[in-house]
Amino acid sequence: MSSRDVVLARVRRALTDVPRGEGPSDPPVPRDYHRVHGSRTTAQSVDLLAENLADYRAIVHRSDAEGLPGLIHRLLVERGARTVVVPPGLDPAWLDPAWLDPAWRDPSSAAGSDVTLVEDHASSTPYELDAVDSVLTGCAVAIAETGTLVLDAGPDQGRRRITLVPDHHICVVRVPDQVVGSVPEALPRLAPERPLTWISGPSATSDIELDRVEGVHGPRTLEVILLAGSREAG
């Protein structure tokens, strides 16, 4: 008997009690698990998100709408970024021209010149994106209990590749609208047919000796801005 015969025989034995004609979606699947874990307030959920993001080595900032453009500019300056790729549907208010004005920039800054906005195009190659210093996006939802950001390629997030190739990702989370407590609370907000990217900290992996290496499968540096008092774009 070949290995194939052995495998098929085991499959047939496993299916002996399945009625003929029954499809995979026919048996009822109980979904009685808890969606909400505990009784945290909204502020506590946001604090938990910040704590877990930091635990995954993301750098967490807080801002209001007025201070957001200046904060984004400062983060780019501190990074020494000369170019930043932005998705086409990014909120224009996040890109106040003031932080692109040379007069606004600190003359002692290492960046030394304007930050150039790079629009995301379908024709952009990974090689072109690899030459970009930073990427700025929004997100679809943020999960407090796991410290996870979920991107679904929405207008303010762009194609998946722009958040995987550049080495520095700034992600803005609208608080409290986009923050949920648990994964079961996040799933109904997401469309399974969309390209979902689940991000828990900067890209990291470990070899057999458990040496941590960051930046292998995505950005080496993840900065998250919790934007207070903000509503999701309709």
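Values below: all heavy atoms of this structure, side chains included; hydrogens, waters and symmetry mates excluded. Given the structure is predicted, the values throughout are model-derived calculations rather than measurements.
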* **Asp167 (side chain) donor-acceptor with Pro219 (main chain) under 3.5 angstrom** => no
* Asked: Under the side-chain contact (heavy atoms from CB on, under 4.5 Å) criterion, do His61 and Val224 qualify, and how do the steps go?
  -> CA-CA 6 Å; His61 311 272; Val224 180; over 6 Å; no
* Asked: Do the side chains of Leu53 and Leu149 get nearer than 4.5 Å, heavy atoms only?
  -> yes
* Asked: For Thr41, what residues pass the side chain to side chain contact (heavy atoms under 4.5 Å, CB included) criterion, not counting sequence neighbours?
  -> Ala43, Gln44
* Structure fact -> What one should report as the nearest heavy-atom pair of Ala131 and Thr83 is O-OG1, 3.9 Å
* Using distance alone, with no hydrogens and no angle criterion, decide if Thr221 and Arg79 have a side-chain donor and acceptor under 3.5 Å apart. => yes
* Asked: Taking only residues two or more places apart in sequence or in another chain, which ones pass side chain to side chain donor-acceptor pair (under 3.5 Å) with Asp26?
  -> none
* Asked: Of the non-hydrogen atoms in Ala142 and Leu49, which two are nearest, and what is the gap between them?
  -> CB-CD2, 3.8 Å
Just distance, no hydrogens or angles: give the donor-acceptor pairs under 3.5 Å from side chains in residues 3-19, sequence neighbours left out.
{"unit_1": "Asp5", "atom_1": "OD2", "unit_2": "Ser2", "atom_2": "N", "d": "3.4"}
{"unit_1": "Asp5", "atom_1": "OD2", "unit_2": "Ser2", "atom_2": "OG", "d": "3.1"}
{"unit_1": "Thr16", "atom_1": "OG1", "unit_2": "Arg13", "atom_2": "O", "d": "2.9"}

* Asked: With ILVMFWY side chains joined below 4.5 Å, transitively, what does Val141's cluster contain besides itself?
  -> Ile143, Val150, Val180, Val183, Leu187, Leu190, Leu196, Trp198
* Asked: Do the side chains of Pro188 and Arg35 get nearer than 4.5 Å, heavy atoms only?
  -> yes
* Asked: Would you say Leu151 and Ile199 make side-chain contact, with heavy atoms under 4.5 Å?
  -> yes
* Do Glu119 and Pro88 have side-chain heavy atoms sitting under 4.5 Å apart? -> no
* **With Glu51 via side chain to side chain contact (heavy atoms under 4.5 Å, CB included) - residues at least two apart** => Leu48
* Report the residues that fulfil side chain to side chain contact (heavy atoms under 4.5 Å, CB included) with Thr125, sequence neighbours left out, ordered by chain and then residue number. => Tyr127, Glu128
* **Non-hydrogen atoms of Cys171 and Cys139 that approach each other most closely** => SG-CB, 3.7 Å
* Structure fact -> From the list Leu129, Val86, Val118, side chain to side chain contact (heavy atoms under 4.5 Å, CB included) with Ile162 holds only for Leu129
* Provide the full list of side chain to side chain donor-acceptor pair (under 3.5 Å) pairs with a residue in residues 147-162, sequence neighbours left out, each pair given once. => Asp120-Arg159, Thr146-Thr148, Thr148-Ser200, Asp152-Gln157, Asp156-Arg174, Arg160-Thr197
* Tell me, please, which residues at least two apart from Arg40 pass side chain to side chain donor-acceptor pair (under 3.5 Å). => Glu145
* Does the side chain of Ile225 come within less than 4.5 Å of Ile72's, by heavy atoms? -> yes
* Output, in order, the C-alpha distance, side-chain angles, deciding distance and verdict of side-chain contact (heavy atoms from CB on, under 4.5 Å) for Leu90 and Leu95. => CA-CA 9 Å; Leu90 198 75; Leu95 301 175; 4.0 Å; yes
* Asked: Measuring from Ser45:OG to Glu185:CD, what's the distance to the nearest 0.5 Å?
  -> 7.5 Å
* Structure fact -> Heavy-atom nearest pair, Val60 first then Ala54, reads CG2-N, 4.1 Å
* To do: Check salt bridge (charged side-chain N to carboxylate O under 4.0 Å, His left out) between Asp47 and all other residues, then give those that pass, not counting sequence neighbours.
  => Arg62
* Asked: Quick one: CD1 on Ile170 to CG on Leu75, what's the gap to the nearest 0.5 Å?
  -> 5.0 Å
* Structure fact -> His168 meets the side chain to side chain donor-acceptor pair (under 3.5 Å) criterion, sequence neighbours left out, with Ser134, Glu223
* Asked: Would you say Glu66 has more than 12 foreign heavy atoms packed within less than 6.0 Å of its CD?
  -> no
* Structure fact -> Looking only at heavy atoms, the pair that brings Pro27 and Glu22 closest together is CG-OE2, 3.4 Å
* When you check the gap from the basic side-chain N to the acidic O, do Asp133 and Arg82 get nearer than 4.0 Å? -> no
* To do: Consider only side-chain heavy atoms of I, L, V, M, F, W and Y, link residues closer than 4.5 Å, and tell whether Ile59 and Leu227 are in one cluster.
  => no
* To do: Determine the minimum heavy-atom distance between Ala58 and Gly201, stating which atoms define it.
  => CB-CA, 4.5 Å
